[in-house]
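One structure below.
Residue numbers begin at 1 in each chain, while the letters A, B, ... track the order of the sequences. Worth knowing before you read on, the calculation uses all heavy atoms, side chains too, and leaves out hydrogens, waters and symmetry mates.
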Number of protein chains: 2
Amino acid sequence: MTIGVLSRATATKVETIRFYERIGLLPAPARTGGNYRSYDENHLRQLGFIRRARELGFKIETVRALLSLADQPQRCCDDVDQLVIDQITEIDRKIEALQRLRTELDQLAIGCRGGPIADCRILDALQPHRSDRNTI
Amino acid sequence: MTIGVLSRATATKVETIRFYERIGLLPAPARTGGNYRSYDENHLRQLGFIRRARELGFKIETVRALLSLADQPQRCCDDVDQLVIDQITEIDRKIEALQRLRTELDQLAIGCRGGPIADCRILDALQPHRSDRNTI
DNA sequence: ATAGAGTCTGAAGCAGCTACAGGGTCAAGA
DNA sequence: TCTTGACCCTGTAGCTGCTTCAGACTCTAT
């Protein structure tokens, strides 16, 4: 199949597919006489795997590790488990950080309802000691 | 004050300060005879503002807009309010996306406890139709 | 023959810094 | 006075994960 077909089959932009090839995440396919990339079912499956892992927030280097592990069927899958656990930990960390941020913004978002910027409490909160602005 | 002093005072790396100057977020300071940057209290305050806004997740272009608004004291601060509201909306969107992701990862993280990768349910979930791998 | 859709390469751009390399400056101690 | 070491300078390249270009080629249909 051509890159366009693979693109539609995996909801991945053509440029992204070429990018994955360039960084060695997706193997380079055979070429047609006209130098077009020619993908097979293995490419389709591997790209599906990559996209799914990326959707789950795994970094490209982690996807690479997952692909490598998937290629060693005899190996114990503890490493795979660990990568997922690490990913969950990371996501939790991000959620907590965003929630802290959310709380702070909430306290900020009291709103000044039409008042002038000179009295804006939001800008005051962002810019401490703004009151002595004129004295400098 | 030198860039190093400003750096410590605002917990901002020296390179970041120079970066902010390059992109026009922080005004270029005066220079000493030895060509060292020489900052004053206004720089300190503005950099504090920038850092605080960045900590709250505002994009650089939004910080630029906030700074510009802060410089028009006569203006009504509805625009400032709106930027904060937009930011909260954006944060909420991210939190929701991460929580969905978290749920998906949880379902994945059943763990294969020592089994071989050939039976790994995680990789199965990531790589649909992996069973017909040998038939291709 | 030709139009239009698809494909090719290589390079540059995005955010928001961070990290060099290869120099110059300055204050303190021997 | 000299030297050491901390600091500072510029300019450029690197990071992640793509995306977007420019300019050329190929293939299919009419």
Side-chain angles (χ1 to χ4, degrees), chain A residues 1-26 28-40 43 46-47 49-67 86-87 90-91 93-94 97-98 101, chain B residues 1-26 28-40 43 46-47 49-67 86-87 90-91 93-94 97-98 101:
Chain A
M1 73 190 92
T2 66
I3 199 169
V5 173
L6 180 64
S7 164
R8 283 184 291 275
T10 59
T12 308
K13 293 194 178 180
V14 164
E15 294 84 2
T16 305
I17 297 174
R18 287 196 282 245
F19 168 73
Y20 287 159
E21 177 181 329
R22 199 159 63 244
I23 64 171
L25 195 59
L26 189 64
R31 296 289 181 127
T32 67
N35 200 32
Y36 281 19
R37 287 171 178 83
S38 178
Y39 295 97
D40 61 23
H43 289 104
Q46 182 151 338
L47 183 53
F49 182 103
I50 293 167
R51 293 303 284 180
R52 182 91 185 93
R54 292 287 301 128
E55 274 172 23
L56 289 169
F58 288 100
K59 289 185 181 185
I60 288 210
E61 285 318 301
T62 311
V63 178
R64 217 188 279 279
L66 285 169
L67 283 170
D86 290 351
Q87 177 65 6
E90 182 64 15
I91 299 284
R93 216 187 46 72
K94 283 185 188 170
L98 284 173
L101 229 159
Chain B
M1 71 192 93
T2 66
I3 199 169
V5 173
L6 181 64
S7 163
R8 285 183 291 276
T10 58
T12 307
K13 294 196 176 180
V14 166
E15 293 85 359
T16 305
I17 297 175
R18 286 197 282 245
F19 168 71
Y20 287 159
E21 178 181 329
R22 202 160 61 245
I23 64 171
L25 195 59
L26 189 65
R31 297 287 182 128
T32 68
N35 201 31
Y36 282 19
R37 285 172 179 83
S38 179
Y39 296 97
D40 60 22
H43 289 105
Q46 181 151 340
L47 183 53
F49 183 103
I50 292 167
R51 295 303 286 179
R52 181 91 187 94
R54 293 285 303 129
E55 273 172 24
L56 288 170
F58 288 101
K59 291 185 179 181
I60 289 210
E61 285 318 301
T62 311
V63 177
R64 216 187 279 278
L66 285 168
L67 282 169
D86 289 351
Q87 178 65 6
E90 182 63 16
I91 300 282
R93 216 187 44 74
K94 284 185 186 170
L98 283 173
L101 228 160

OP1 or OP2 of [N] less than 4.0 angstrom from a side-chain nitrogen or oxygen of [X], does that happen here?
| X | N | result |
| --- | --- | --- |
| A/R22 | D/dG17 | no |
| B/R37 | D/dC9 | yes |
| B/R18 | D/dT10 | no |
| B/T2 | D/dC8 | yes |
| B/T16 | C/dG16 | no |

Round to a whole Å and report the spacing from [atom1] of [X] to [atom2] of [N].
| X | N | atom1 | atom2 | result |
| --- | --- | --- | --- | --- |
| B/K13 | C/dA19 | NZ | C1' | 9 Å |
| B/R51 | C/dC17 | CZ | C1' | 9 Å |
| B/E15 | D/dC7 | CD | C1' | 12 Å |
| B/Y20 | C/dT18 | OH | P | 8 Å |
| B/I3 | D/dC7 | CD1 | C1' | 11 Å |
| A/N35 | D/dC25 | CG | P | 12 Å |
| A/F58 | D/dG17 | CZ | C1' | 17 Å |
| A/E55 | D/dG17 | CD | C1' | 15 Å |

- Message: Between B/E61 and B/G34, which residue's closest nucleotide on DNA chain C lies nearer the 5′ terminus?
- Response: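 Upstream on the strand: B/E61.
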- Query: Does any non-hydrogen side-chain atom of B/L66 lie less than 4.5 Å from one of B/F49?
  - Reply: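 Yes; the side chains approach each other to less than 4.5 Å.
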- Query: Does the side chain of A/I60 come within less than 4.5 Å of A/R54's, by heavy atoms?
  - Reply: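 A/R54 reaches A/I60 side chain to side chain.
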- How is B/T32 classified with respect to the nucleic acid when contacts are heavy atoms under 4.0 Å: base, sugar-phosphate, or nothing?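 Answer is nothing: B/T32 stays at 4.0 Å or more from every strand.
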- Query: On DNA chain D, nearest-nucleotide positions of A/I60 versus B/V14: which is more 5'?
  - Reply: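 It is B/V14, whose closest nucleotide lies nearer the 5' terminus.
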- Name the closest nucleotide to the A/R31 side chain, picking from C/dC17, C/dC8, D/dC8.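 Nearest to the side-chain atoms of A/R31, counting from C-beta on, is C/dC8.
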- Report the nucleotide, chosen from C/dC8, D/dC8, C/dG6, that has the shortest atom-to-atom distance to any side-chain atom of B/Y36.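 Nucleotide nearest to B/Y36's side chain: D/dC8.
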- Message: Closer than 3.5 angstrom, by distance alone: can the side chain of A/S38 be matched with the main-chain N or O of A/R31 as a donor-acceptor pair?
- Response: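 Such a contact is absent between A/S38 side chain and A/R31 backbone.
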- Query: Can you name the closest pair of heavy atoms from A/I91 and B/L98 and give their distance?
  - Reply: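 Minimum heavy-atom separation between A/I91 and B/L98: CG2-O, 3.6 Å.
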Residues 17-25 of chain A side chain polar contacts: donor-acceptor under 3.5 Å, at least two apart:
| unit_1 | atom_1 | unit_2 | atom_2 | d |
| --- | --- | --- | --- | --- |
| A/Y20 | OH | A/R51 | NH1 | 3.1 |
| A/E21 | OE1 | A/R37 | NE | 2.7 |

